[in-house]
**Q** 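Here it is: the structure, laid out below.
Hydrogens, waters and symmetry mates play no part in the numbers below; they use all other heavy atoms, side chains included. Treat the numbers as computed from the prediction; the structure is a model and nothing was measured.
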Amino acid sequence: MPSAGRLDGTSRARRSRWLAGSCGLGLALGGAACADQQVVIGVFVPERPRFTAPEKVAALNDDAARDEDPTLTGDLLEIHFMSERGASQDIWISRRADLDSPWETPTVELAEKLNSADDDDTPAISNDGLRMWFFRNSAQQTGIWMSERASRSDPWGDPSYVEALNPGHEGGTQAMNAHVDLPELRVVVGLNGPETQGWDLAIASRESPEDEWGAFAPLDELNDEGEQLAPFLFDDGRQILFRSGDDLFWARRPSTDALFGEPEPLDDLNDPAARENDPYLSPDGSTLFFSSARSGGTDIYEARRAAP
């Protein structure tokens, strides 16, 4: 995926944490509340997510290639990710029988229609596994594309360029790293063009999955002079994970009509000597997949949510 140079110190990482402690992460992260209390967003403020030490997912990685951009179906039994183990940046797939089974050897054949002679990466799959948004670096139409399939056992169909998710492309603005949230009512992307300060995050919404996407609005409170990409929106649009510079961050807002608060670095996941990228959080909030360059190459890692 396109990448800016490494920042000489990430300004966000030097900011003091602003959230007060609370009774846990809340229902959106599958966390426990204080004794005999139910966490209600807006009443109890979720803390920054905490995770156990990340572990490399050996079955998914190729030591000689860059592997990143993990995205999973809601049951966590199918993963798509970008790998350079082929002739170009392509989307690969792996499956497993259940959560206790190992991942199968990744294959590119199952993603034939998702890949082209151009670079294809940053996939984002729907919760049911039937829709896929991804970035294609095409000389003809660079930006966010979409593919569908009738069932999980069917091949992906011919992808199409999504005009609504590529705002301003005729004026030189590039969109990538699209993430559509669980109910498919909000989408966050990275934009880079004449009106941005590099790669900036922007959000759009719609009333139902059958409607067209509305206009994008920049998330100015999350953007700075660095590079903001790889967003992951959850908790009905009230919490977000994303990359700023070389680190992963978390931010929340009390409602979708409010601004996000000051982002906090995910220190449990960030390695000061490496770039972390591409967070994917399971629907119950218990498991996080992401990519990291801490091993020398770029590989896919997994971390579990730490008990509050």
**Q** Side chains of S291 and D278: do they bring a donor and an acceptor to under 3.5 Å?
**A**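 Indeed, the side chains of S291 and D278 share at least one donor-acceptor pair under 3.5 Å.
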
**Q** Is it true that R152 and E78 have a side-chain N and a carboxylate O under 4.0 angstrom from each other?
**A**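 Looking at R152 and E78, the cut-off is met.
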
**Q** Going by the side chain to side chain donor-acceptor pair (under 3.5 Å) test, name the single residue among E264, Q239, E47 that passes it with W250.
**A** Q239

**Q** Centre of W213's six-membered ring, under 6.0 Å away, within 45 degrees of the axis: is that where NZ or CZ of R206 sits?
**A** yes

**Q** Run the salt-bridge test on D118 and R136 with the 4.0 Å N-O cut-off and return the result as yes or no.
**A** no

**Q** Group every Ile, Leu, Val, Met, Phe, Trp and Tyr by side-chain heavy-atom contacts under 4.5 Å, then state whether L76 and W92 land in the same group.
**A**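 Result: yes, single cluster for both.
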
**Q** Answer yes if the side chains of D67 and S83 hold a donor-acceptor pair under 3.5 Å, and no otherwise.
**A** yes

**Q** I need the M176 CE to I144 CD1 distance, nearest 0.5 Å.
**A**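 Separation between the atoms: 8.5 Å.
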
**Q** At their closest point, which heavy atom of T142 faces which heavy atom of N166, and how far apart are they?
**A** O-OD1, 4.3 Å

**Q** With a 4.0 Å cut-off on N to O distance, would you call R253 and E221 a salt bridge?
**A** no

**Q** Which pair of non-hydrogen atoms, one from A303 and one from L269, has the smallest distance, and what is that distance?
**A** CB-CD2, 3.7 Å

**Q** Go through the steps for M82 and D90 under the test side chain to side chain contact (heavy atoms under 4.5 Å, CB included), then give the verdict.
**A** CA-CA 5 Å; M82 188 285 292; D90 290 322; over 6 Å; no

**Q** Decide whether S94 and E104 meet the rule of one side-chain donor and one side-chain acceptor closer than 3.5 Å.
**A** no

**Q** Report the C-alpha distance between R294 and E276 in whole Å, list the side-chain angles of each, state the deciding distance to 0.1 Å, and finish with yes or no for side chain to side chain contact (heavy atoms under 4.5 Å, CB included).
**A** CA-CA 8 Å; R294 68 189 65 194; E276 274 64 58; 3.1 Å; yes

**Q** Please say yes or no: joined through hydrophobic side-chain contacts below 4.5 Å, possibly via intermediate residues, are L266 and F232 part of one cluster?
**A**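 They do share one cluster, since a chain of ILVMFWY contacts under 4.5 Å joins L266 to F232.
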
**Q** Closer than 4.0 angstrom, basic N to acidic O: yes or no for R131 and E184?
**A**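 Salt bridge: yes.
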
**Q** Begin with the C-alpha distance, continue with both residues' side-chain angles, and end with the deciding distance and a verdict on side chain to side chain contact (heavy atoms under 4.5 Å, CB included) for T71 and F81.
**A** CA-CA 6 Å; T71 181; F81 62 97; over 6 Å; no

**Q** Indicate the atoms forming the closest heavy-atom contact of I300 with N61, along with that distance.
**A**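 Of all heavy-atom pairs spanning I300 and N61, the closest is N-OD1, 2.8 Å.
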
**Q** So which atom in V189 and which in F216 form the shortest heavy-atom distance, rounded to 0.1 Å?
**A**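 Nearest heavy atoms, V189 then F216: CG2-CE2, 3.5 Å.
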
**Q** Starting from I93, can I reach M132 by hopping between I/L/V/M/F/W/Y residues whose side chains sit under 4.5 Å apart?
**A**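 M132 and I93: one cluster.
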
**Q** Examine R95 relative to W103 and say whether NZ or CZ is less than 6.0 Å from the centre of the six-membered ring and inside a 45° cone about the ring axis.
**A**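 So R95 doesn't make the cation-pi contact.
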
**Q** For residues Q197 and E225, is any side-chain donor paired with an opposing acceptor at under 3.5 Å?
**A** no

**Q** What I'd like to find out is whether the side chain of D120 reaches to under 4.5 Å of the side chain of L114, using heavy atoms alone.
**A**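 In short, these two side chains do not touch, never coming nearer than 4.5 Å.
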
**Q** Quick check: is F234 connected to F51 through a chain of hydrophobic side chains (ILVMFWY, heavy atoms under 4.5 Å apart)?
**A** yes

**Q** For this output row, return yes or no: ring centroids of W145 and Y161 closer than 6.0 angstrom.
**A** yes

**Q** Establish, from distance only, whether the side-chain atoms of T107 and E109 form a donor-acceptor pair under 3.5 Å.
**A** yes

**Q** Answer yes or no on whether R238 is positioned over the face of F260, meaning its NZ or CZ is under 6.0 Å from the six-membered ring centre and within 45° of the axis.
**A** no

**Q** Going by distance alone, is a donor N or O of one side chain under 3.5 Å from an acceptor N or O of the other, for D257 and S255?
**A** no

**Q** Under a 4.5 Å side-chain heavy-atom rule over Ile, Leu, Val, Met, Phe, Trp and Tyr, are Y301 and V57 clustered together?
**A**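 Per the 4.5 Å side-chain linkage, Y301 and V57 are co-clustered.
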
**Q** For the pair E227 and R275, evaluate salt bridge (charged side-chain N to carboxylate O under 4.0 Å, His left out) and give the outcome as yes or no after the intermediate values.
**A** CA-CA 12 Å; E227 180 181 80; R275 166 168 285 184; 3.7 Å; yes

**Q** Below 4.0 angstrom, N of the basic side chain to O of the carboxylate: do R149 and D154 qualify?
**A**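 The answer is no: the pair does not qualify as a salt bridge.
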
**Q** Can you check side chain to side chain contact (heavy atoms under 4.5 Å, CB included) on Q141 and E163, steps first, answer last?
**A** CA-CA 10 Å; Q141 285 183 310; E163 288 283 348; 4.2 Å; yes

**Q** Measure across S147 and G157 and return the closest heavy-atom pair with its distance rounded to 0.1 Å.
**A** OG-O, 2.7 Å

